[in-house]
Amino acid sequence: MSGFIERHGLWSEAQRSAGAEITARAAELGVVRLSFADQHGLLRGKTIVAAELDGIFRSGCTAPSSLLAKDTSHRTVFPVFSRGGGFDMPEMQGAADLVLVPDPLTFKVLPWAPHSGWLLCEAYFSNGRAAPFDTRRLCRQVLDGLNRRGFDYIAGLEVECHIFKLEDPRLTAGDAGQPGTPPAVSLLTQGYQLLAEARYDHCDEVFELLRDPIAGLGLPLRSLEVEFGPSQLEFTFRPTSNLESADTMVLFRSAVKQVCRRHGYHATFMCRPKLPNVFSSGWHLHQSLRDRSSGANAFMPENAAEPLSPVGRRFLAGLLHHAPASAAFATPTINGYRRYRPYSLAPDRVAWGRDNRGAMLRVLGGPGDPATRIENRIGEPAANPYLYIASQAALGLDGIDRGLDPGPSADSPYEIAAPALPRSLGAALAALQQNQPLHAAFGPGFIDYFIRIKEAELARFEQEVSDWEQREYFDLF
């Protein structure tokens, strides 16, 4: 009798072939981690003993559908035991099972835990229907549409983060909670150090802990850099096509956190940690389109007076036109909006510029340069890469379809009269709710689902009494 994967036709021939090769290697492993990226871009899943892999490659692995109903505190924000599970979907009622279907083409052996294999999965309901809130599948669907239009999506990653020495993991019973007490940390460097050779040497031990595992995963690491703030580092990755760039970001973040923890460090991709003198971190997404028939960069202009081709200009215009809504996916946390400040190398308004780091969208390249691209500077490193990249592709394509014009380059992006970027997550969600291209690209119900989860986080935030309130009012009144 055929298994779930064959019965529902969920693997390509390439996946079947890769699955057979991995099964033959399973005896070399102890366990295999089956991971899927949830709505926040966090990896969840199960670990199986390697001897069970053959069965998983036939029938998948079950996991509760309530994983799709959780906010960033891991609280379930939908009434999963009501009719339709709070989603008006009988498949999710009562926290019924999902089936995690592994993608054999993503198989890795963990360099820091060589007894462990690692597979990315996508989520399906037990009737074979794709779970509509699986963000990897959603991104693949959007990029497949771009491929059918004759383009590959090309992206290079430039990711900032903080790595600290772990002083106290805060593991007493009183530290538990949703969320728990954050760890106590100390700095690797004092900061104000951009690309300083001596500061790099201070961080060399950490960079070397990470370099081999990242390379061992096959991730296209390009550079390791010391960023401006204390304990702030940057990693850049060579451009890759379509889904690979999003997979790279998910695996990279998880790998960095795991390796650092094993060696007494704490890595965080939170945008702006609440520590004295610490700077905000961003995720700059470099993107272009490649013509599938010719292999040429579709953004590269022929006219020396233009920074982009007509296709590139329209893609750029789509990103500008929809910038407020796109912020909800580029910066999906409350904390990330602390970064949008003038004169801070982070954008605060909707503008583009030629090789200008103050602009939201920085255009690089020109005639004859196959690396011509658009750098989006509004992203935070905690963003779900599948949603961030899918939203960029969908909105750029809308600009192409509508023939939008980006207008002139902003040479002084912090001084021009231009629309402001959202100042809060709530404002970005309001813009997202009204954005028809993203509703259409992400499918029925996804935007409402995403907004509901984020509104649950906002509600919890607004109920907290902050340090600012205590200092401002406790003595005064």
Side-chain angles (χ1 to χ4, degrees), residues 12-15 18 37 103-106 120 122 135-159 218-222 236-252 283-302 307-319 322 326 329-330 361-376 379 383-404 437-438 440-442:
S12 66
E13 184 57 42
Q15 288 173 313
D103 179 353
L105 299 175
T106 67
L120 290 177
E122 294 180 10
T135 60
R136 186 175 192 263
R137 185 201 58 80
L138 187 153
C139 184
R140 181 163 50 81
Q141 175 181 296
V142 171
L143 296 177
D144 283 349
L146 191 66
N147 297 161
R148 289 192 295 271
R149 296 287 299 274
F151 298 110
D152 285 315
Y153 181 87
I154 307 298
L157 312 181
E158 184 181 331
V159 187
L219 306 184
L221 183 65
R222 180 176 175 272
T236 70
F237 294 85
R238 295 189 304 276
T240 54
S241 63
N242 299 319
L243 200 60
E244 186 177 353
S245 53
D247 285 347
T248 292
M249 184 63 171
V250 163
L251 297 174
F252 164 68
W283 168 15
H284 301 156
L285 180 63
H286 295 253
Q287 56 192 322
S288 63
L289 300 181
R290 181 174 63 203
D291 187 290
R292 301 195 91 191
S293 59
S294 67
N297 184 334
F299 284 5
M300 187 171 63
E302 295 181 1
L308 292 169
S309 69
V311 165
R313 285 182 60 83
R314 292 167 186 161
F315 191 98
L316 173 68
L319 300 183
H322 298 291
S326 74
F329 293 127
L361 299 173
R362 177 185 176 217
V363 175
L364 297 159
D369 186 349
T372 298
R373 63 197 185 276
I374 299 167
E375 177 191 2
N376 192 328
N384 181 324
Y386 299 110
L387 297 180
Y388 185 12
I389 284 172
S391 64
Q392 294 291 285
L395 296 176
L397 189 57
D398 183 69
I400 293 173
D401 289 342
R402 294 170 59 192
L404 297 180
L438 288 176
F442 284 21

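Put simply, the side chain of S241 reaches to within 4.5 Å of the side chain of I154, judged on heavy atoms. Using a 4.5 Å cut-off on side-chain heavy atoms (C-beta onward), D247 and T240 make no contact. For the pair S326/L319, no side-chain contact is recorded, criterion being any heavy-atom separation below 4.5 Å from C-beta on. The shortest side-chain heavy-atom distance between D103 and R136 falls under the 4.5 Å cut-off.
Side chains of Y153 and N147: no donor on one and acceptor on the other come within 3.5 Å.
Put simply, the side chain of D291 never gets that close to the backbone of G295: no donor and acceptor are under 3.5 Å apart. A donor-acceptor pair under 3.5 Å is formed between the side chain of S309 and the backbone N or O of A298. Side-chain atoms of Q15 come within 3.5 Å of backbone atoms of S12 as a donor-acceptor pair (strictly under, hydrogens ignored).
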Evaluate the side-chain contact (heavy atoms from CB on, under 4.5 Å) criterion for residues Y386 and L138: first the C-alpha distance (whole Å), next the side-chain angles of each, then the deciding distance (0.1 Å), finally the verdict.
CA-CA 8 Å; Y386 299 110; L138 187 153; over 6 Å; no
task: Please step through salt bridge (Lys or Arg N to Asp or Glu O under 4.0 Å) for the pair D401 and R149, ending with a clear verdict.
output: CA-CA 11 Å; D401 289 342; R149 296 287 299 274; 2.5 Å; yes
Margin query: Between L364 and H286, does the side-chain contact (heavy atoms from CB on, under 4.5 Å) criterion hold? Intermediate values first, please.
Written below: CA-CA 9 Å; L364 297 159; H286 295 253; 4.1 Å; yes
*Output, in order, the C-alpha distance, side-chain angles, deciding distance and verdict of side-chain contact (heavy atoms from CB on, under 4.5 Å) for T372 and S288.*
CA-CA 7 Å; T372 298; S288 63; over 6 Å; no
Derivation and outcome, side-chain contact (heavy atoms from CB on, under 4.5 Å), residues I400 and L289:
CA-CA 12 Å; I400 293 173; L289 300 181; 4.0 Å; yes
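The two residues A390 and V142 have their closest heavy-atom pair at O-CG1, 3.6 Å. Across all their heavy atoms, A155 and L285 have their closest contact at CB-CD1, 4.0 Å. Listed here is the closest heavy atom pair of L120 and T106: N-OG1, 2.9 Å. When all heavy atoms of L157 and S245 are compared, the closest pair comes out as CD1-O, 3.6 Å. Closest non-hydrogen pair, A394 versus L438, comes out as CB-CD2, 4.3 Å. Counting all heavy atoms, side chain and backbone alike, L105 lies closest to A18 at CD2-CB, 3.8 Å.
For the atom pair CZ (F315) and CD (Q287), the distance works out to 4.5 Å, reported to the nearest 0.5 Å. Atom CG of L219 sits about 10.0 Å away from atom CZ of R238, to the nearest 0.5 Å. How far CG of N242 is from CG of L146: 7.5 Å, rounded to the nearest 0.5 Å. To the nearest 0.5 angstrom, M249 atom CE is 10.0 Å from N384 atom CG. Within the model, atoms CG of L143 and CG of L397 stand 10.5 Å from one another, a figure rounded to the nearest 0.5 Å. Interatomic distance, CD of E375 versus CD of E158, reported as 5.0 Å (0.5 Å rounding).
The aromatic rings of F442 and F329 lie tilted to each other, with the angle between the two planes from 30° to 60°.
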